[in-house]
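Here is the structure we will look at.
Only heavy atoms go into these numbers, but all of them, side chains included; no hydrogens, no water, no symmetry mates. To find a chain, count down the sequence lines: A is the first, B the second, and so on, and within it residues start at 1. Predicted model only: the values in this text are computed from it and were never measured.
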There are 2 protein chains.
Amino acid sequence: MKDVIENKLKLRSVKPTAMRLLVLQALLNEKKALSLNELETILEHADRTTIFRTLKTFQEKFLVHRVYDGSGMVKYAVCDDDCNCSLQENHLHFLCTKCSTTYCLKDAPIAIPTIPKGFKAKYANYLIEGSCSSCN
Amino acid sequence: MKDVIENKLKLRSVKPTAMRLLVLQALLNEKKALSLNELETILEHADRTTIFRTLKTFQEKFLVHRVYDGSGMVKYAVCDDDCNCSLQENHLHFLCTKCSTTYCLKDAPIAIPTIPKGFKAKYANYLIEGSCSSCN
DNA sequence: TAAGGAGTGCAATGCCATTGCAAAGTTTAG
DNA sequence: CTAAACTTTGCAATGGCATTGCACTCCTTA
Ligand SMILES: [Mn+2]
Ligand SMILES: [Mn+2]
Ligand SMILES: [Zn+2]
Ligand SMILES: [Zn+2]
């Protein structure tokens with residue numbers, strides 16, 4: 001498992017510091033989008049700022065993507081290895097309003113609707129709110 | 001014009017106070033989603049809290065809907081007269097990253113993708129980021 | 001082995017949403 | 001008409017989360 005994580009970092013030219021391994025591991029373990037607060041709780045002795053900056057680095061290297069689920073907190077989820085966070089790769093996210101879990105639904109490709117003449121799309125964020133299978 | 005606004009309020013059983021008329025008028029004039037800050041700027045002498053609470057009332061009565069465009073600030077846009085903010089009525093929003101304008105694209109109905117078994121959708125928020133026709 | 005750069009931790013700041021409370025305005029019952 | 005009850009408003013305070021400044025530690029490299 002540690003190898004997998006180190007490889008992921010290497011693949012994106014991010015130096016594998018202790019903190020980075022921990023953050024990436026936490027995100028991979030949980031298999032869902034996590035907020036800074038949630039990560040802080042999971043990584044008990046890690047400093048909030050360091051996690052924040054780690055996530056910033058990860059974003060720049062396309063290791064994670066941000067998820068805006070309207071909960072007021074930004075969440076973060078791991079990208080696929082070949083992800084470039086391009087428009088085509090943007091996928092559906094689902095927020096369960098009962099358990100507050102935010103799922104990456106990568107299998108549900110999102111259709112880009114026709115937008116008015118002269119508009120150019122660069123990035124798509126499609127969120128569905130409702131209740132998840134665990135909560136129903 | 002004032003009649004139109006008063007009618008909109010009446011239609012939703014919201015008492016037409018001075019502040020409510022001003023806020024609704026501002027939203028209708030601008031024809032785009034506005035943040036609390038933007039409204040505060042437009043309505044120079046209005047108190048932020050009062051605008052906030054006015055918007056809260058408006059939301060409860062389906063006079064406006066919130067727009068989450070990832071800018072960090074919630075924006076608000078006027079609903080159609082017959083709107084109930086149901087899943088089917090949720091529409092596309094477009095954020096121009098150059099001029100920070102958030103458009104309601106009500107003519108672009110959004111397709112609800114297939115979600116996993118056991119998941120129930122209640123609300124959809126589809127945002128596209130890019131550049132608008134004025135900025136291109 | 002010294003110097004430069006990268007990563008980290010703590011404290012401080014900033015920004016926006018939200019709330020508490022009292023004053024002002026409006027409606028309603030008597 | 002008038003007082004009580006309710007609604008709306010304004011100001012000040014609070015709270016939550018994102019972000020930054022700065023100094024310290026750690027690692028790399030010449
Ligand atoms: Mn995702
Ligand atoms: Mn809209
Ligand atoms: Zn759930
Ligand atoms: Zn624009």
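The listed nucleotides are dA18(D), dT18(C), dT19(D); the one nearest the side chain of Phe52(B) is dT18(C). Across dT19(D), dT8(D), dT9(D), the shortest atom-to-atom separation from the side chain of Lys15(B) is found for dT8(D). The side chain of Asn37(B) approaches dC16(C) more closely than any other nucleotide in the set dA6(C), dC16(C), dT19(C). Closest contact between the side chain of Arg20(A) and the listed nucleotides dT9(D), dT20(D), dT8(C) involves dT8(C). Closest approach to the Met73(A) side chain among dT8(C), dA18(D), dC10(C) is made by dA18(D) (side chain taken as heavy atoms from C-beta onward).
By the 4.0 Å N-to-carboxylate-O rule, Glu129(A) lies too far from Lys122(B) to be salt-bridged with it.
The CG-C1' distance, from Leu22(A) to dG7(C), rounds to 14 Å in whole Å. Rounded to an integer number of Å, the gap from NE2 of His45(B) to C1' of dC11(D) is 17 Å. The interatomic distance linking Asp47(B) (CG) with dC21(C) (C1') rounds to 14 Å, in whole Å. Taking atom OH on Tyr76(A) and atom C1' on dC17(D), their separation rounds to 10 Å, with Å as the unit. The NZ-C1' distance, from Lys75(A) to dG16(D), rounds to 15 Å in whole Å. Per the geometry, NZ belonging to Lys56(A) stands 15 Å off C1' belonging to dT8(C), to the nearest Å. If you take CG of Leu39(A) and C1' of dA18(D), they are 14 Å apart, rounded to a whole angstrom. If you measure from atom CD of Glu38(B) to atom P of dC15(C), you get 16 Å, rounded to the nearest angstrom.
Counting heavy atoms from C-beta on, the side chains of Lys10(B) and Pro16(B) never come closer than 4.5 Å. Within the 4.5 Å cutoff, the side chain of Ile128(B) has no heavy atoms near those of the Tyr126(A) side chain.
Contact annotation: side chain of Arg53(A) to base of dG21(D), donor-acceptor pair present below 3.5 Å.
With a 6.0 Å radius and a threshold of 12 heavy atoms from other residues, nucleotides or ligands, Asn136(B) has its CG atom above the threshold.
Rounded to the nearest 0.5 angstrom, Leu9(B) CG and Leu21(B) CG are separated by 6.0 Å.
Phosphate proximity of dG10(D) to Thr49(B): absent, as no side-chain N or O sits under 4.0 Å from OP1 or OP2. For dT9(D), the OP1/OP2 oxygens have a side-chain nitrogen or oxygen of Thr17(B) closer than 4.0 Å. Between dA11(C) and Arg48(A), no contact under 4.0 Å exists linking OP1 or OP2 to a side-chain N or O.
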